[in-house]
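Atoms considered below: every heavy atom in the structure, side chains included; atoms not considered: hydrogens, waters and symmetry mates.
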Amino acid sequence: MKKTLCTIAALVMTIVAGAQTLNVSTGSVTYQFPATQTGKMTYSDGNSVTIMGKTFALTDISSMTTDESTVTDGTVSVDFNGSTANVTVAGNVAQYLTIEQSGAHVSIAQSSDLAEEITYTLSGTSSDGEFYMSGSYKATVELNGLTLTNATPVYSGAAIHIQNSKRIKVKPLTGTVSTLTDAASGSQKGCLYIKGHAEFAQKGTLNIVGNVKHGIKAGEYISIKNATINITQAVGDGINCEQFFLMESGSVNISGTQDDGIQCDIEDATVGSTGETTDHEGEDSGNMYIQGGTLTVNCTAIAAKGIKAEGDITVTGGTINVTTTGNGTWDADDLETKAACGLSADGNMTISGGTLTLKATGSGGKGMKCDGVLTITDGTINVETTGGLYYNNGTTENTNYTGDTDRIDSDYYSSPKGIKAGVKTESGNSYTYSGGIVISGGTITVSTKGRNGEGIESKNTLEITGGDIYCNTYDDAINAAQDLTVSGGNVMAVASGNDGIDANGNLYIKGGNVFAVSAGGAEVGLDANTESNKKLYITGGNVVAIGGLERNASVSNGTAYQASSYSKGAWYALYNGSSSVAFAFKVPSNNSMGTPMVVYTTGTTSLKSGVTASGTAFWSENGYTSCSGGSNVSLSSYNTSGGGPGGGPGGGFGH
């Protein structure tokens, strides 16, 4: 022991004289003390030494050396190397850390006295290791080309487990690729688990394989900026968080999940934390904000949601690509069917920018859905559903149901709709309505093929004041459970099996360019619920309705005319005035379409066929602002009091 003390004394003299670094090693952990900070070291009974507040039992010290290395305060590095890991700790934080290690399984506990942020840099490779950290202070975790698999859990089954209920910055370092894989067994909530707030930054790449539950799980909010995150497998959700989810930039790619792609839950108030203040924290719970970057989600699970918020979703920018392929299912707890959906919110949804491409191929799958108000002011939205109607009453399942749903309990089926918002609730013999849709801008393209596959459906009111909207669907192209109003924008609604535009309340056309196409038979281009004494009112705009108008329509500030005939697949132009083109349009080539073709403008109405379209394109190039050539089509007055054959309430009450 005397010899050991003499050795330490000699090293102290060396670092003081040469301004070097004292390295104290205990097994695979090395503590680095700079000469400029070390000061006086104290001994206790010849059994221990204290350096910068860190006390070492002399019997635990495996080596003490000096060198000229530079020490960065507030840092810890963990270099995984096969079955072990080398840990290096800056001397100024050494006294606040308790480090345990079992092979390549490393656990670091921060004391409650710690009052500064530590940056942990993880690197190297291990096929059986983990990083576990606990404490009560915020931290930064840098991933520097780390490849870490947890095969036999020691502290947790996660590859990285951060128990701190504070802000944790996760930085995949620029130009590096890190891969995390959790254990195949255990109770971990995610391959990468952070109890507090998780902020992902830097321009590196992080790959995640989740074998037990979620790929990434945070107990509070998650924000992503610049980083690239690839989740290739998760038994639960790809990403799961509470409070809120914020995507600022970077790239997130999720596939191979057995549940949702990204889910943001409403935080349980009984376990919420009181962390540091941010722009959203303390006021948000269950909300999602997508401002930039690229989100690509492919979900194959039954009734999975690509992006799901228990609160609101706000999209102001970025690129969102979501594909769901799973069929619907019967929920034995709620006693109703559930179906997949690309973008889903239990609250409101607001889209004011960005590009969204949503595709659902499974039975009953939907592109976009919210229970509150859907507001679209800008952005590009493309929605396609190709699945059939899903039916399940708890005992019998049909993934392509083609029967009449008007006399079936709505809990027993889910319809493959493009965009749906609001809730219509039946109570006895009456209904209550909430939510709805408001569209004032943006480019919206919707396609559906399955039975009951409406394009845009509001379970309350629907208002369109602007935007370029093109719906080509099986069922009603555009439908509202209450009043539906179009006062601006370009709206093309083509239905191969029902009405073009259908309101279960009053239907108001006050402005804009409207082209509505219905199926043959009893369906009409513009339909209001006359069975409940509602009415179609046309007071402005430029209108073409193939299949005619709802009976007893009220038309003012202009005259409705009926074309002598029309040809499928041909180009026409509607004129509002002798030389003013309202819009040029291409008639669809559907197998079944209604008659007649009714046109309306507030000026001198005329119609030409065989035109050559030009100018600015809209309606997915089925409409243009100008044209040339063509020949006049014979028009005659349309009998609005008799109107079309009447379409009934339509729309259904299904999911």
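- For Asp331, the salt bridge (charged side-chain N to carboxylate O under 4.0 Å, His left out) criterion is met by Lys338, not counting sequence neighbours.
- Annotation: the span from Leu462 atom CG to Ile437 atom CD1 amounts to 4.5 Å, rounded to 0.5 Å.
- Residues satisfying the side-chain hydrogen bond (donor to acceptor under 3.5 Å, both in side chains) criterion with Asn591, sequence neighbours excluded, are absent altogether.
- The line from CD of Gln258 to CD1 of Ile302 is 11.0 Å long, rounded to the nearest 0.5 Å.
- Among the candidates Asn321, Ile239, Ile307, the single residue satisfying the side chain to side chain contact (heavy atoms under 4.5 Å, CB included) test with Leu295 is Ile307.
- Remark: Asn392 pairs with Tyr390 by the side-chain hydrogen bond (donor to acceptor under 3.5 Å, both in side chains) rule, at least two apart or across chains.
- With sequence neighbours left out, Asp346 forms a salt bridge (charged side-chain N to carboxylate O under 4.0 Å, His left out) with Lys308.
- Side-chain rings of Phe585 and Tyr572 approach one another, their centers coming within less than 6.0 Å.
- Heavy atoms from other residues, nucleotides or ligands lying under 6.0 Å from NZ of Lys359 number 12 at most.
- Aromatic ring pairs are classed by plane angle as parallel below 30°, tilted from 30° to 60° and perpendicular above 60°; the pair Tyr289 and Phe244 is perpendicular.
- Of the N and O atoms on the side chains of Asp265 and Gln263, at least one donor lies less than 3.5 Å from an acceptor on the other residue.
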Exercise. Would you check, one step at a time, whether the test side chain to side chain contact (heavy atoms under 4.5 Å, CB included) holds for Met368 with Ile351?
Key: CA-CA 11 Å; Met368 179 191 304; Ile351 300 172; 3.8 Å; yes
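- Residues satisfying the ring-ring contact (aromatic ring centres under 6.0 Å, His included) criterion with Tyr537, sequence neighbours excluded, are Tyr508.
- Note that the CD1 atom of Ile478 and the CG atom of Asp499 stand 12.0 Å from one another [nearest 0.5 Å].
- Residues that satisfy the ring-ring contact (aromatic ring centres under 6.0 Å, His included) test with Tyr600, not counting sequence neighbours, are absent from this structure.
- With sequence neighbours excluded, no residue forms a salt bridge (charged side-chain N to carboxylate O under 4.0 Å, His left out) with Asp333.
- Annotation: side-chain hydrogen bond (donor to acceptor under 3.5 Å, both in side chains) contacts of Ser532 (sequence neighbours excluded): Asn529.
- With a 6.0 Å radius and a threshold of 12 heavy atoms from other residues, nucleotides or ligands, Lys535 has its NZ atom above the threshold.
- A salt bridge links Glu457 to Lys459: at least one charged side-chain nitrogen sits closer than 4.0 Å to a carboxylate oxygen.
- Considering only residues two or more places apart in sequence or on other chains, Lys369 meets the salt bridge (charged side-chain N to carboxylate O under 4.0 Å, His left out) condition with Asp371.
- Atom CE of Met492 is separated from atom SG of Cys471 by 10.0 Å, given to the nearest 0.5 angstrom.
- Tyr391 meets the side-chain hydrogen bond (donor to acceptor under 3.5 Å, both in side chains) test with Asn393; sequence neighbours excluded.
- Among the candidates Lys420, Lys305, Met349, the single residue satisfying the side chain to side chain contact (heavy atoms under 4.5 Å, CB included) test with Ser344 is Lys305.
- Judged as a salt bridge (charged side-chain N to carboxylate O under 4.0 Å, His left out), not a single pair has a partner in residues 562-590 (not counting sequence neighbours).
- In summary, the side chains of Thr361 and Thr325 do not present any donor paired with an acceptor at a separation below 3.5 Å, with no hydrogens or angles considered.
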Quiz item: Does the pair Ile501 and Val514 meet the rule for a side chain to side chain contact (heavy atoms under 4.5 Å, CB included), with working shown?
Solution: CA-CA 10 Å; Ile501 299 177; Val514 177; 3.9 Å; yes
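- Separating the OG atom in Ser554 from the CG atom in Asn506 is a distance of 10.5 Å, to the nearest 0.5 Å.
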Exercise. May I have the step-by-step check of ring pair (Phe, Tyr, Trp, His ring centres under 6.0 Å) for Trp619 and Tyr624, ending in yes or no?
Key: CA-CA 8 Å; Trp619 295 337; Tyr624 280 83; over 10 Å; no
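- To the nearest 0.5 Å, atom CG of residue Leu484 and atom CD1 of residue Ile464 are 6.0 Å apart.
- Inter-residue side-chain proximity for Leu507 and Lys534 is flagged as unmet; no heavy-atom pair is nearer than 4.5 Å.
- In this structure, Phe618 has no ring-ring contact (aromatic ring centres under 6.0 Å, His included) partners at least two apart in sequence or on a different chain.
- For the residue pair Thr405/Asn452, the side-chain donor-acceptor check at 3.5 Å is satisfied.
- Note that Lys449 lies outside the cation-pi zone of Tyr474, set by a 6.0 Å cut-off to the ring centre and a 45° limit from the axis.
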